[in-house]
Amino acid sequence: MIKRFQLCFLCILFIVFVYSSRAVAQYDYIDITNPFLCKIPVAIPVSNAIKGTEQEFEIARKSSDLLSELLDFTGYFQILDRESFLVDPRISGPVGLNINFNNWITVGAELLIKGGVEINDDALKMELRLFDTVKQKMIVGKRYKGRINDLRNIMIRFADEIIFHLTGKRGIFTTRIAFISTGTGNKEIYICDFDGKNAERFTHHQTISLFPSWSWDAQWIAYTSYAKGKPDLYIRNINRNNSTIVSKKGINTAPAWIPGSLQLGATLSFSGDQEIYLLTEKGHIIKQLTQNDGIDISPSWAPDGKKFAFVSNRSGSPQIYIQQMDSGKVRRLTYEGNYNTQPAWSPTDNKIAYTAMHGGEINIVVMTVDGSGPVQLTYNSGDNESPSWSPDGSLIVFSSTREGQSRLYVMTAFGTDQRRLLTLPGEQFQPEWSPGIEH
Amino acid sequence: MQKKIWINMVLCLIIPGLLLTVSCAKRPVKSQPAVTAPVQIPQMEEEDVITSEEAERLRKPEDQRIEEQRLAEEQQRLAEEEQRLAEQRRQAALAERQKFMNQDIYFDFDKSYIRLDAQNILKQKAEYMNQHPEISVIIEGHCDERGTNEYNIALGERRAVATKQFMIRLGISADSMVTVSYGEERPADPGHSESAWAKNRRVHFDILQ
């Protein structure tokens with residue numbers, strides 16, 4: 001008995017060792033410096049129906065479609081057309097390990113995802129495997145058990161595994177996006193999944209609510225609302241209904257949380273001048289951060305929390321500055337054009353995305369934190385505003401009037417693959433991507 | 001003797017003849033009162049049914065009655081005139097109030113200083129507030145849709161505060177004015193042209209109370 005246990009333990013140790021060493025080795029699949037230039041071709045054939053029932057075939061097709069959509073959203077992959085595959089689209093029986101990799105190389109696949117679906121009443125069992133067709137080996141394999149309703153969650157978890165094994169970072173599949181929508185005739189805050197699905201209303205103030213900001217643990221949202229007739233700051237735990245309200249004289253607006261702590265910055269004007277203050281999640285002022293006549297607004301913290309970018313008109317027009325938290329030292333970043341606002345510090349890189357008004361156009365631009373090499377990501381496509389990074393730094397969500405009304409769009413950090421995130425009644429603005437939620 | 005008989009006979013003829021002519025002549029005489037009598041009788045009957053009040057009035061001399069009526073009419077006319085003037089004054093006050101609220105002042109793009117054209121309007125507003133010391137106002141700062149929402153909330157506040165400061169310099173008490181910024185959230189003109197933007201870069205006065 002003990003021998004058997006030891007053997008099992010050794011096996012597990014071996015698997016963990018092999019898998020983790022592999023995981024590290026696999027990072028070169030996706031070149032982080034510009035992963036979107038050369039997309040990896042991946043084949044996702046319809047999963048096997050293990051018992052061969054019609055219901056299994058249907059769920060098998062659905063699951064493979066879902067996985068294709070999820071992986072396509074990341075921008076890393078080229079999802080190959082199933083029509084070109086050299087296999088039967090309806091396979092019953094268990095998922096075998098004897099794969100003719102040459103067939104998949106012939107259709108251009110560098111990665112292959114195979115799966116099996118088994119359904120007993122309402123219980124769903126799924127087996128999913130990711131293969132490298134060139135090296136002819138499995139990269140990751142997982143088994144999931146749940147109900148038929150859990151299908152999307154199961155596919156999301158496997159997609160997350162795939163991204164983790166290919167990039168070394170957790171994906172965006174468990175993240176959410178807060179935004180403003182005018183569907184009810186008022187500006188209310190909504191929250192949807194990372195891919196625009198499952199949008200739900202978050203505020204019910206029936207007035208103007210703006211600027212949602214997620215805390216680092218994704219448990220709190222701070223925002224601005226006119227519920228009491230003027231712009232006040234609301235700080236709310238997403239699992240509770242009551243908010244802390246900061247309602248000082250003047251404006252109380254544009255909150256931004258600090259990474260790794262329950263503190264946030266916001267612009268208050270009770271002193272007669274608009275300055276950025278540091279607050280607790282209970283709305284108490286810790287200290288005043290900026291000190292300058294004129295507008296100081298829209299802070300966005302660096303991942304280390306030691307410095308923040310913000311907008312000031314101290315030079316005569318709105319420009320982006322960086323201030324050190326400890327020394328208070330301020331450095332101007334933008335010099336091109338007369339209107340640069342809405343800085344968003346990348347959660348992973350030394351980059352800041354912002355909104356630039358240039359020659360009558362409003363566009364999203366990305367620059368390095370020393371102010372060098374601004375790169376414009378949107379062109380000739382209406383007004384583009386409010387950039388917000390996905391927590392892995394790979395995607396940017398923003399609002400655009402390119403189709404007339406203001407809607408939400410997603411693009412890669414390099415400006416490629418621009419597409420609409422969702423379709424809802426009314427207009428949508430100010431998307432804010434949540435940090436990664438661990439599971 | 002025979003003569004006497006003739007006279008008697010003639011008399012016998014004449015008297016009944018006279019009698020006859022008299023009765024014939026009397027008939028029309030009799031019939032005249034018979035025609036007037038029915039006119040007089042209903043008159044008497046009417047007098048019997050009128051009320052005592054009217055009887056009183058009727059008893060007053062006619063000219064006094066006319067004078068009283070004239071006075072009453074005059075009084076009503078004056079009251080109506082008074083009412084009309086009051087309505088006119090009310091309309092004028094309302095129009096003045098409407099003008100005070102509807103006449104916005106405008107700003108240059110990304111600026112919050114009070115332009116010359118705006119200064120004249122604010123002087124009129126200050127005059128109105130001096131004439132109506134009982135009112136207090138809310139001064140709303142607005143921006144056009146260009147630029148970004150966060151910055152525009154701050155810019156809208158600077159416009160509202162600059163306006164309030166200007167009113168204070170014109171002698172208006174700071175206590176009767178509050179400011180609020182709506183940024184670009186409540187445009188007056190929903191268009192996307194320069195003319196719409198110019199209308200939206202504004203400060204609007206609203207009367208509280």
Side-chain angles (χ1 to χ4, degrees), chain A residues 180 182 186-187 207-211 224 226 228-231 249-256 266-267 269 272-276 293-300 310-313 316-318 338-343 354-357 360-362 382-383 385-387 399 401 404 406 429-430, chain B residues 107-113 136-166 168 174-175 177-188 190-198 200-201 203-204 206-209:
Chain A
I180 306 298
T182 62
N186 292 306
K187 285 191 170 175
T207 173
I208 305 165
S209 296
L210 304 163
F211 317 135
T224 303
Y226 281 74
K228 291 166 135 193
K230 66 186 210 37
K249 185 175 156 268
I251 61 173
N252 307 271
T253 188
T267 291
S269 70
D273 194 31
Q274 297 144 337
E275 303 287 4
I276 297 169
D293 286 346
I295 298 172
D296 292 311
I297 202 158
S298 300
S300 174
F310 67 104
V311 173
S312 177
N313 71 347
S317 66
N338 288 324
Y339 206 106
N340 297 300
T341 57
Q342 296 180 328
Y354 62 99
T355 305
M357 197 190 297
E361 267 193 37
I362 300 173
D383 291 344
E385 295 183 30
S386 302
S399 70
T401 58
S406 178
F429 312 89
Q430 297 158 19
Chain B
F107 292 81
D108 289 343
F109 176 69
D110 189 29
K111 295 287 180 278
S112 57
Y113 65 84
S136 56
V137 298
I138 183 158
I139 300 174
E140 298 176 1
H142 297 268
C143 304
D144 68 33
E145 64 176 350
R146 288 174 309 161
T148 44
N149 305 59
E150 297 91 334
Y151 182 82
N152 277 340
I153 289 210
L155 179 62
E157 183 181 47
R158 295 195 90 80
R159 286 176 177 165
V161 169
T163 304
K164 182 179 171 181
Q165 295 299 337
F166 192 86
I168 291 171
D175 297 338
M177 298 178 286
V178 290
T179 59
V180 64
S181 171
Y182 282 103
E184 61 177 272
E185 308 303 328
R186 284 193 176 164
H192 306 291
S193 60
E194 177 49 48
S195 74
W197 295 329
N200 292 333
R201 295 190 297 266
V203 155
H204 175 77
D206 228 339
I207 295 175
L208 288 169
Q209 75 172 355

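Side-chain atoms are counted along with the backbone in the values below, which use heavy atoms only and exclude waters and symmetry mates. Quick note on labels: first sequence line is chain A, next is B, and so on, each numbered from 1. These numbers come from a predicted model, not from an experiment.
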Q) Knowing that exactly one of A:I276, A:T341, A:N313, A:T253 qualifies, which makes a side chain to side chain contact (heavy atoms under 4.5 Å, CB included) with A:I297? A) A:T253
Q.
Need one label for B:I138: side chain, backbone, both or neither, based on atoms under 4.5 Å from any heavy atom in chain A.
A. neither
Q.
Parallel, tilted or perpendicular, judged at 30° and 60°: which one describes the rings of B:H142 and B:H204?
A. perpendicular
Q. A:T355 versus chain B, heavy atoms under 4.5 Å apart: side chain, backbone, both or neither?
A. side chain
(Q) Need one label for B:R146: side chain, backbone, both or neither, based on atoms under 4.5 Å from any heavy atom in chain A. (A) both
Q) Does any heavy atom of chain A fall under 4.5 Å from the side chain of B:V180, the backbone, both, or neither of them? A) side chain
**Q.** Portion of A:K187 that has a non-hydrogen atom of chain B nearer than 4.5 angstrom
**A.** side chain
(Q) Is A:F429 close to chain B through its backbone or its side chain, or both, or neither, when contacts mean heavy atoms under 4.5 Å? (A) neither
Q | Top contributor to chain B interface from A:S317, A:P318, A:G229 [non-hydrogen pairs under 4.5 Å] | A | A:P318
Q: Measure B:S181 against the heavy atoms of chain A and call it side chain, backbone, both or neither at under 4.5 Å.
A: both
Q.
Is it true that A:S312 and A:D296 share a donor-acceptor pair across their side chains at a distance under 3.5 Å?
A. yes
Q.
Under 4.5 Å from any heavy atom of chain A, what part of B:D110 do you find: side chain, backbone, both or neither?
A. side chain
Q. Who among A:G294, A:G250, A:G360, A:G272 has the most heavy-atom pairs with chain B under 4.5 Å?
A. A:G294
**Q.** Heavy-atom side-chain proximity of A:I251 to A:Q274 below 4.5 angstrom
**A.** yes
Q.
Just so I know, are the side chains of B:T179 and A:K230 near enough to count as touching, which here means a heavy-atom distance under 4.5 Å?
A. no
Q.
Do B:M177 and B:I168 make a side-chain contact, defined as non-hydrogen atoms from C-beta onward lying under 4.5 Å apart?
A. yes
(Q) Would B:R159 and B:E184 count as a salt bridge (Lys or Arg N to Asp or Glu O under 4.0 Å) here? Give the steps. (A) CA-CA 12 Å; B:R159 286 176 177 165; B:E184 61 177 272; over 6 Å; no
**Q.** Min side-chain heavy-atom separation A:D273-B:R158 under 4.5 Å
**A.** yes
Q) Contact part of A:I208 toward chain B, heavy-atom cut-off under 4.5 Å: side chain, backbone, both or neither? A) side chain
(Q) Report which part of A:L210 has an atom under 4.5 Å of a heavy atom belonging to chain B: side chain, backbone, both, or neither. (A) side chain
